[in-house]
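Keep in mind that what you see is a predicted model, and the values were worked out from it rather than measured.
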Protein chains: 2
Amino acid sequence: MTVEEALRILGEKGYKSTGKREALLRLLAREDRYLTAKEALRLMHRDYPDLSFDTIYRNLALFHELGIVHMTEFDGERRYRLRCPIEGHHHHLICLSCGTTQEILACPLDAMWSQPDGFIIAGHKFEVYGYCRSCAEATAH
Amino acid sequence: MTVEEALRILGEKGYKSTGKREALLRLLAREDRYLTAKEALRLMHRDYPDLSFDTIYRNLALFHELGIVHMTEFDGERRYRLRCPIEGHHHHLICLSCGTTQEILACPLDAMWSQPDGFIIAGHKFEVYGYCRSCAEATAH
DNA sequence: CTCAGAATCGGAATGATTCCGTTTTATTGT
DNA sequence: ACAATAAAACGGAATCATTCCGATTCTGAG
């Protein structure tokens, strides 16, 4: 997903184009990792010192609803990142320290099974947590 | 994991045995599904009308630390359930409505790969969400 | 340029979780 | 059984993430 695609989707759905909304998308694209709302606010503070949490949360929720971002939740916080540019469904390794990801191209659901007995599947999550090389090296010192 | 095993672990580690702690373990065993702190408090209210949130949270965190319960987090809440009695590492289908689970005996990590490049794995999560038969039928009416 | 509705602000409200000073309780040694 | 000690529980306040809301500002359509 690129910023341009995201803006096209927003436009098609009738959402207005605002500086802050675009800046948040550009931030997500530039950082290319999972961000919490607090981090996003902090990183945008230089350009938009009056930005409110409400705007961050409202837009991240909107982006998620429109499939522009992925969301995951751990350590009591939600984290968002721009949807990957690669085609098709996949999963991630996630660095617990900085939020960067690596792709896992396989999906365990595809391979797995015989339908479960009477259970209606609505979604799934497969994530591998750990530390990316640069965070691992940083904490080793 | 049975209540007896859990009590043995607690005893070995020097934790005291209290009526509320045991009752919480028995509740987890009886319900046999993911419970939020609020649900646990509500379900214990009849027997312990003065039970405080602090006690629930403190004990659930302790149980988790000792490996007595599993924890997962979604919809902004942490949920706990007694560790399964079956042997070995596995995963779950989780009913979003009532928290009951079905076991998935395979683990995608076992099957999957060539070690990721420079990434140190600390943990992983594979969960399938949906609705169990009885919740699906209940909402259909 | 005007207008309506969308977006934002800022501060309050909510909900989950944690903290803390005080009181109660379980365990250990006598 | 009794006293001492430390863990556990209480309950209410504090914290943290997230959401809500009334008032204000901005975008896009006409």
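- Residue B:T36 has no polar side-chain atom (N or O) positioned under 4.0 Å from OP1 or OP2 of C:dA16.
- A close approach under 4.0 Å does not occur between any side-chain nitrogen or oxygen of B:R78 and OP1 or OP2 of C:dA16.
- Rounded to a whole Å, the CD atom of A:E12 is 15 Å from the P atom of D:dG28.
- For A:A37, whose side chain is taken as the heavy atoms from C-beta onward, the closest listed nucleotide among D:dT18, C:dG10, D:dC10 is D:dT18.
- The phosphate of D:dA9 (OP1 or OP2) has a side-chain N or O of B:R58 nearer than 4.0 angstrom.
- Judged purely by atom type and a 3.5 angstrom limit, B:T55 has no side-chain atom pairing as donor or acceptor with the backbone of B:L51.
- Residue order along DNA chain C, read from the 5' end via each residue's closest nucleotide, puts A:S17 first among B:E77 and A:S17.
- Of the candidate nucleotides D:dA8, C:dA7, D:dG11, D:dG11 has the atom nearest to the side chain of B:D50.
- If you measure from atom CG of A:D54 to atom C1' of D:dT25, you get 14 Å, rounded to the nearest angstrom.
- Between D:dT18, C:dC9, D:dA9, one nucleotide has an atom nearer to the side chain of B:N59 than all others, and that is D:dA9.
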- request: Show the numbers, then the answer: is there a salt bridge (Lys or Arg N to Asp or Glu O under 4.0 Å) between B:R133 and A:D117?
  value: CA-CA 8 Å; B:R133 171 169 287 150; A:D117 177 37; 3.4 Å; yes
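- Counting to the nearest Å, the C1' atom of D:dC10 and the NE2 atom of B:H45 are 14 Å from each other.
- Per the geometry, OH belonging to B:Y15 stands 15 Å off P belonging to C:dT28, to the nearest Å.
- Counting atom types as modelled, B:K16 pairs a side-chain N or O with a base atom of D:dA6 as donor and acceptor under 3.5 Å.
- Two residues, B:P49 and B:R21, neighbour DNA chain D, and the one matched to the more 5' nucleotide by heavy-atom proximity is B:R21.
- With respect to the salt-bridge test (charged N to carboxylate O, under 4.0 angstrom), the residues A:K125 and A:E73 do not qualify.
- The phosphate of C:dT8 (OP1 or OP2) has a side-chain N or O of A:T18 nearer than 4.0 angstrom.
- Cation-pi geometry between A:R79 and A:F74 is met: the NZ or CZ atom falls under 6.0 Å from the ring centre, inside 45° of the normal.
- Ring centers of B:H91 and B:H124: under 6.0 Å apart, within the cut-off.
- One atom, CD1 of B:I56, and another, P of C:dT18, lie 13 Å apart when rounded to the nearest Å.
- As rounded to whole Å, 14 Å separates atom P of C:dG11 from atom CG of A:L41.
- Rounded to a whole Å, the CG atom of B:L7 is 16 Å from the C1' atom of C:dT27.
- The side chain of B:Y57 lies closest to C:dT17 when the candidates are D:dT18, D:dA9, C:dT17.
- For A:S52 and C:dG11, the shortest distance from a side-chain N or O to OP1 or OP2 is not below 4.0 Å.
- Whole-Å rounding puts the B:L51 CG to C:dT25 C1' distance at 15 Å.
- No donor-acceptor distance shorter than 3.5 angstrom exists from the side chain of A:R81 to the backbone of A:L28, with no hydrogens or angles considered.
- Of the side-chain N and O atoms in A:K38, one or more sit less than 4.0 angstrom from OP1 or OP2 of D:dA17.
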